[in-house]
2 protein chains.
Amino acid sequence: MDSVFIVGVGMTKIGRFYEQSARELFSQALWKAIEDAGGVKPKALVVGNMMSSVLMNQDSLGALLADYAGLRGIPAFKVEAACGSGGAALYAGYAMIKAGITDVVAVGGIEKQTEATTPYVTRALAQAADADFEVFYGVSFTGLNAMIARLYMQLFGYSEEDLSHWPLKMHEYASYNPYAQLPRKTSMKEILESPIIADPIRLFHAAPLGDGAAAVLLVRGEERAREIAKSTGRDTLVELAGIGMATDSVDLASRNNILVMESTVKATQEALKMAGLSLKDIDYAEIHDAFHITGYAALEDIGFAPKGEAPKLFKEGRFQKGDKPEVNFSGGLKARGHPVGATGIYQVVESVMQLRGDFPGFKASNPATALTHNIGGVSTIAVVSVLKRWR
Amino acid sequence: MDSVFIVGVGMTKIGRFYEQSARELFSQALWKAIEDAGGVKPKALVVGNMMSSVLMNQDSLGALLADYAGLRGIPAFKVEAACGSGGAALYAGYAMIKAGITDVVAVGGIEKQTEATTPYVTRALAQAADADFEVFYGVSFTGLNAMIARLYMQLFGYSEEDLSHWPLKMHEYASYNPYAQLPRKTSMKEILESPIIADPIRLFHAAPLGDGAAAVLLVRGEERAREIAKSTGRDTLVELAGIGMATDSVDLASRNNILVMESTVKATQEALKMAGLSLKDIDYAEIHDAFHITGYAALEDIGFAPKGEAPKLFKEGRFQKGDKPEVNFSGGLKARGHPVGATGIYQVVESVMQLRGDFPGFKASNPATALTHNIGGVSTIAVVSVLKRWR
């Protein structure tokens, strides 16, 4: 039996931590995961990160973080896939465990955006887009998403207010999440009066900039996973039952249809196939909502909602408490926060906790399966994972 | 049977290609590998790269390169481990194939250093060192290696000329290599009169800055590998029989002994153990000689020479034509060139060609086994692979 299990999870609160370095933050998350697994130490580390090269002038990040965490010498490297770096790191770590080349892998994500001022971070985030064919002409990453949002609103007849129910709800969820960057409720008025970043995207339609780190520990085989669970007093195992990755063009201009994130469609199919599940089996999901439009598009392209209907369904109460699936009770990128390269790992940590029943925020209704959806760029890369609870 | 085989290899000439973009260079190398494998297309791509974020303002590199090469949609991500990025990408790609989550993986490396001026590239290369505890104080990456070289010379009683036999020979080998950046012989006089970069390291003791891309295709199982070899008219298979990765502290100050690259020692042991070989079984090696001192230290820490004796042995003719092992007939990083994130893949491409007998430069003596050694930083990370020829 070579199933892969997530035996430990850890994360830091997300915020603007001017007085903590990336290595300090990451070490905290990693050691929480190690303690969560009853002290089992990883034999290898894969770390997802987008911006250390540009904002911290630091490469060799894998070795640096392993060493600072007291694990000097283990195999360790960084994976970069823009905002999908965390998900891509999980994919690489899954392969390492599945291949049996090591028996405990830590997969982490870290982003430290407060190393630089906001204009500089905005420029760094734009590196998710095509430097030669998009950014060269002056567009920001929010600008690209604004074009998609505008087209979506025109095509499907949604108003600015229609799309604002997403952030409204995400802030409510985040108000229960002790790890969230923005743990407070908002109002439709506050959202609609917040400043425009790139028309029609306002400040409250977008994820905040923040620092954070998260980590998970993977092992192979039920026996090992049971042994670790037992040592921590848990009777629940969480299997990483499926993982899918797909990519798309970086530049939007060469896509077939900018309203369909094809890589999200493909990665979802791959992950479900590997897990032997269909979409209707999914009880809980954490999806990538860097902007309100991204959250709706994710619901549609994963397959939870027909194209053009996600805002309507969400406004009617779908994907909320008691529905199937329940979505983003962490508060999502919007309000839990979006420490770029760590986001894909936060989603997995939160989903594992929901499956185990120990998420300290807004609780899902006893889910047995979960799906996480992490993208880089405008779904230039998508990584979808499927988790199963074992009793 | 789940052995992993390298069924196709490709590389570009290394040089200063101002008129070609990274995506163009990489596509050439990848398609050479695809053609070399009789047209078999990869289902996933892992790319090693250090500096695209800083020099090209480009992240999302995996998806970008896959798309430009005509492979839009496949799983694709970037791995960063400074100058060891290529080796680390190979490690991730090996895990993906070994795990069976895809059946043909391309692992590539690309660096485009001519996107910026030399002072800027020098700063970017220093990102391999510790930004907070080394580079902050003004040291360059060559400066760190210069301290090691000085200590080594003092401790073991070597002169500048003693250490200069390495570059002298590397230039001779490179003069036969059509892919080399510096395909010309040099002289002891030219080496010793070349400008000092960081005392005692002179220009001709160091690898040049250059652009280049290389790629290999991996498959699992002898049957598949035989089928591909047959379609290309080859009767030789090359197995990626072992791969080891280890790390060390990034900053030199916290190491036990800066003259021993402990990660190189460990990674070599891991790779040999996985391959079921001992060091004396190795016929051919491509090792990481970013500076003359690095080449000698690599010979020693891999275990080919006792500590302190590599320069003496090399000067006496060891590791050269007819010896076991024969080392760096490509010309090494010194003269073949060192397109940073691609270097670890160049080494594998060249070693595969030596095992198949079709390397177009200075030929090894019909080797049946080969070892490649790729490091990032001062062996902050080391990746060692062991290749076996099957007939």
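In what follows, chains are A, B, ... by sequence order, proteins preceding strands, each numbered from 1.
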* Structure fact -> If one checks every heavy atom of A/A129 against chain B at 4.5 Å, the contacting part turns out to be backbone

* Rounded to the nearest 0.5 Å, how far does OH of A/Y91 lie from OG1 of B/T102? -> 6.0 Å

* **Portion of A/M56 that has a non-hydrogen atom of chain B nearer than 4.5 angstrom** => backbone

* To do: Using non-hydrogen atoms and a 4.5 Å limit, figure out which bit of A/S53 sits close to chain B: side chain, backbone, both or neither.
  => both

* To do: Name, in order of residue number, those residues of residues 68-77 of chain B that have a heavy atom at a distance of less than 4.5 Å from a heavy atom in chain A; otherwise write 'none'.
  => B/R72, B/G73, B/I74, B/P75, B/A76, B/F77

* Residue pairs involving residues 43-64 of chain A (criterion salt bridge (Lys or Arg N to Asp or Glu O under 4.0 Å); sequence neighbours excluded) -> A/K43-A/D103

* Max heavy-atom pair count under 4.5 Å with chain B, selected residue of A/K98, A/Q127, A/K266 -> A/Q127

* Asked: What part of B/M51 gets closer than 4.5 Å to chain A, counting heavy atoms only: side chain, backbone, both or neither?
  -> neither

* Segment of A/I381 engaging chain B (4.5 angstrom heavy-atom cut-off) -> side chain

* Structure fact -> Counting heavy-atom pairs under 4.5 Å with chain B, the top scorer among A/M96, A/R123, A/M274 is A/M96

* Rounded to the nearest 0.5 Å, how far does CD1 of B/I243 lie from CD1 of A/I101? -> 7.5 Å

* Side chain, backbone, both or neither: which part of A/N49 has an atom under 4.5 Å from a heavy atom of chain B? -> neither

* Asked: B/A92, B/S249, B/S52, B/A82: which one forms the most heavy-atom pairs within less than 4.5 Å of chain A?
  -> B/S249

* To do: Determine yes or no for a side-chain-to-main-chain donor-acceptor pair under 3.5 angstrom, with A/E80 supplying the side chain and B/E80 the backbone.
  => no

* Asked: Heavy-atom distance under 4.5 Å to chain B: side chain of A/S254, backbone, both or neither?
  -> both

* Asked: Which residue out of B/A128, B/G84, B/A124, B/G62 racks up the most heavy-atom pairs below 4.5 Å with chain A?
  -> B/A128

* Looking at A/A44, A/S60, A/A131, which one has more heavy-atom pairs under 4.5 Å with chain B than the rest? -> A/S60

* Structure fact -> So, the part of B/R23 with a heavy atom under 4.5 Å from chain A: the answer is side chain

* Asked: If you count heavy-atom pairs under 4.5 Å with chain B, which of A/V46, A/V47, A/L45, A/V79 comes out on top?
  -> A/V79

* Asked: Does the side-chain contact (heavy atoms from CB on, under 4.5 Å) test come out yes or no for B/V135 and A/Q58, once each step is laid out?
  -> CA-CA 10 Å; B/V135 184; A/Q58 184 66 66; over 6 Å; no

* **Heavy-atom pairs under 4.5 Å with chain A, option from B/L61, B/V250, B/V383, B/T380 with the top count** => B/V250

* State the OG-NZ distance between B/S85 and A/K78, to the nearest 0.5 angstrom. => 9.5 Å

* To do: May I ask you to decide whether A/R255 forms a salt bridge with B/D67, counting only side-chain N to carboxylate O separations under 4.0 Å?
  => no

* Who wins among B/D130, B/D251, B/I97 for the most heavy-atom pairs under 4.5 Å with chain A? -> B/D130

